[in-house]
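Input: a single structure, listed below in structure tokens.
Counting starts at 1 for both ligands and their atoms, following the listed order. All values below come from the heavy atoms of this structure, side chains included, with hydrogens, waters and symmetry mates left out.
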Amino acid sequence: MEIIKTQILIIGGGAAGLNAALNLKSNDITLIEKNGSNSVLCPWNLMIKSKKDLLKEILETGCNSTDSELLDIFSKNYENIVEDLKKTGIKFRKSNLGLIPNYTQPGKEVRKIFLNKLKEKQVKLLKGSVEKLLIDKNKKIIGVKISLFNSKKIKIFFNYLVLAAGGLGGFFKFRTGSGDSDGSILALCYEAGLKIRDLEFMMFHPFLLVDKRLPRVLVSGDLLTKMEYENEKGEKFLSNDIADALKTNKHHRVFPKMTKEFYLQSLKSRIFGRLICSNKWFEKFKKENEFGFIFKNFKKNDLKKIELHPAFHFSIGGLVINKNSQTSQKNIYAAGEITGGLHGHNRIGGLAILEALIFGKKTAMEINKKIMKEKEIIIPEKIEGLGMLGLSDEIKNKAWEVLGPVKNKEDLNKMKSFLKNKKNATSQEKLLEKIIEICLLRNESIGAFYRQDLRKKETARSSFLIDKKIIFKYGK
Ligand SMILES: Cc1cc2nc3c(=O)[nH]c(=O)nc-3n(C[C@H](O)[C@H](O)[C@H](O)COP(=O)(O)OP(=O)(O)OC[C@H]3O[C@@H](n4cnc5c(N)ncnc54)[C@H](O)[C@@H]3O)c2cc1C
């Protein structure tokens, strides 16, 4: 098997991984990615507010469980990151949240711009999938085993590793993001004993298009105000306050309740959004709105009603990092949705891309300070290949039913024993079992975590996985 040594290995080619690569001052960078990423599907709507308001909102929404060091780094850097983007040539327009790149499919266009910049830096880009972590006798991660898409298997050893492999979306049947941001790396890190936090906090979204005529993507924004929501019999199912909030575009304020209503209905019947708008409005929307391109081949009357389904949207928890973006293993850094801490127990929209860019750059700046002192990579004789990846459709279905927006003790217990009794559990299944265990151990509903049988609280401890053990505590 071919062996490659590289000074810096980046896993993930989304906003976090690409921005790390762009800011690293090394001529020996290797980036490995699968084909898809959430950063490409995302419209890159960036929340822009005064620092004071933003901090207040992040803290309030996150139930005051935010890691204050990470919040500090975020607030010091978010304006500069927007300037960085402008300097790369990205054009912005105003959006409902702040700014959005002015392209029909922003994620795709921004990736092109980033990749052009990376060509100048001669970053080695590999297409494939990390399958295993390589561990030395002290249980430190020293390399990875990769299956390239040309069927070749290789091993890569590094001085520094940047984990930018995205969130847990691929664990679920219904997800707004790419199946390639599938929690595989997080699951391997769990097996390797890296410190992880708050995995039970997940953000869901009610509006995934599951209509066979349309691509399976998320819709948001103005279109939601132009629909009436009904079950397959044509009956309305939303409470009045949620229906009103949607009509007046104020649904962000009632997001958790709204998501629950859609989720509970989806367990009983299909859900449709009936379009209530003029032909003129629809034509304008197709041309001007960031979601308009999805409907470009349709007239309003061809669609009439659109089938929707709630879906997993964002992993709030993830790897623990410090203010230097360092994980619990010193030479391993992490950035973006694979990390946890910045959002505490819930998050506001429009911050995820900024977070990925800020901490992606941070990893680069920290590694830049150290790379001159590095010694040659020596591969030890004794190496263990850790992890076995894989997640069946059956598990993804069950994960959706049990860990969706509304959870209950009975179903969690059933899933736990199902996974416990599974022979040869994969790395993702082992992590899933742990998440379920955390959900069962929590004794309150808080933030983005909701269990029907628990009372709601305003503050609560965070959950940590330290050497695979669950620990609840305040702070870090
Ligand atoms: C539909 C949608 C709309 C969104 N809208 C917004 C928005 O408007 N504003 C906002 O701020 N946020 C938004 N978000 C959230 C935001 O897109 C993500 O949080 C962000 O893109 C995460 O970036 P990332 O670099 O951490 O991960 P990703 O972009 O998910 O990248 C992960 C990378 O890791 C690679 N990878 C994963 N596993 C492996 C493996 N085993 N081997 C090799 N490579 C691997 C993937 O191929 C990919 O390249 C949206 C998300 C979705 C899904």
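- Within the listing of ligand 1, atoms 11 (O) sit less than 4.0 angstrom from a heavy atom of Leu351.
- Within the 4.5 Å cutoff, the side chain of Tyr78 has no heavy atoms near those of the Leu46 side chain.
- Nearest heavy-atom pair, Lys25 versus Ile371, reported as atom, atom and distance to 0.1 Å: O-CD1, 3.1 Å.
- Using a cutoff of 4.0 Å between basic side-chain nitrogens and carboxylate oxygens, Lys112 and Glu109 are scored as salt-bridged.
- Close contacts between ligand 1 and Ala164 involve ligand atoms 32 (C), 33 (C), 34 (O) [criterion: under 4.0 Å to a heavy atom].
- At a heavy-atom cutoff of 4.0 Å, ligand 1 is contacted by the side chain of Asp182 but not by its backbone.
- Residues Ile154 and Leu148 have side chains in contact (heavy-atom distance under 4.5 Å, counting atoms from C-beta outward).
- Listed by number with element, the atoms of ligand 1 under 4.0 Å from a non-hydrogen atom of Gly13 are 33 (C), 48 (C), 49 (O).
- Using a 4.0 Å cut-off between charged nitrogen and carboxylate oxygen, Lys139 and Glu384 count as a salt-bridge pair.
- Checked for salt-bridge contact, Asp84 and Lys361 meet the test: a charged N lies under 4.0 Å from a carboxylate O.
- Residues Arg347 and Glu57 are not paired through a salt bridge, judged by the lack of any N-O separation under 4.0 Å between the basic side chain and the carboxylate.
- Using modelled atom types, one side-chain atom of Thr327 and one backbone atom of Ile332 make a donor-acceptor pair closer than 3.5 Å.
- Ring geometry, Phe207 versus Phe262: the interplanar angle exceeds 60°, so the pair is classed perpendicular (tilted spans 30 to 60°).
- Counting protein heavy atoms only, atom 51 (C) of ligand 1 is closest to His313 CE1, 3.6 Å.
- In this structure, atom 44 (N) of ligand 1 lies nearest to the protein heavy atom Lys34 N, 3.5 Å.
- Not one N or O on the side chain of Tyr333 forms a donor-acceptor pair closer than 3.5 Å with the backbone of Glu366.
- For atom 21 (O) of ligand 1, the closest heavy atom belonging to the protein is Ser39 OG, 2.8 Å.
- Look at Asp72 and Lys76 and you find a salt bridge, because one of the NZ, NE, NH1 or NH2 atoms lies within 4.0 Å of a carboxylate O, short of that distance.
- Residue-to-ligand polar distances keep Leu389 apart from ligand 1: every N/O pair is separated by 3.5 Å or more.
- No heavy atom of His205 sits closer than 4.0 Å to any atom of ligand 1.
- A salt bridge does not link Lys468 to Glu433: none of the charged side-chain nitrogens sits closer than 4.0 Å to a carboxylate oxygen.
- The protein non-hydrogen atom at the shortest distance from atom 15 (C) of ligand 1 is Ala352 CB, 3.6 Å.
- Annotation: atom 11 (O) of ligand 1 to nearest protein heavy atom, Ile353 N, 2.9 Å.
- A salt bridge does not link Glu2 with Lys155: every distance from a Lys NZ or Arg NE/NH1/NH2 to an Asp or Glu carboxylate oxygen is 4.0 Å or more.
- The nearest heavy-atom contact from the protein to atom 14 (N) of ligand 1 is Cys42 SG, 3.8 Å.
- Between Glu83 and Lys87 there is no salt bridge, since no side-chain N of the basic residue sits under 4.0 Å from a carboxylate O of the acidic one.
- Interface atoms of ligand 1 facing Thr176, defined by a heavy-atom separation under 4.0 Å, are 1 (C), 53 (C).
- Every atom of ligand 1 is numbered from 1 in the order shown, and the set under 4.0 Å from a heavy atom of Asn45 is 7 (C), 8 (O), 9 (N), 10 (C), 11 (O).
- Residue Gly128 places a heavy atom less than 4.0 Å from ligand 1.
- Distances below 4.0 Å separate heavy atoms of Glu33 from the following atoms of ligand 1: 44 (N), 49 (O).
- Under 4.0 Å from ligand 1, not a single heavy atom of Leu18 appears.
- Ranking protein heavy atoms by distance to atom 37 (C) of ligand 1, first place goes to Asp180 O, 3.1 Å.
- Among protein heavy atoms, atom 30 (O) of ligand 1 sits closest to Ser181 OG, 2.7 Å.
- In this structure, Asp28 does not pair ionically with Lys124, as no charged nitrogen and carboxylate oxygen lie closer than 4.0 Å.
- For ligand 1, one of its N or O atoms has an N or O atom of Val130 under 3.5 Å away.
- Atoms of ligand 1 lying under 4.0 Å from any heavy atom of Gly14, numbered from 1 in the order shown and given with element: 25 (O), 29 (O), 31 (O), 49 (O).
- Not a single N or O atom of Pro43, backbone or side chain, sits closer than 3.5 Å to an N or O atom of ligand 1.
- Remark: among candidates Ser184, Ala15, Ala334, the nearest residue to atom 41 (N) of ligand 1 is Ser184, based on non-hydrogen atoms.
- Selection from Gly387, Ala165, Ala187 by nearest heavy atom to atom 32 (C) of ligand 1 gives Ala165.
- Distances below 4.0 Å separate heavy atoms of Gly336 from the following atoms of ligand 1: 26 (O).
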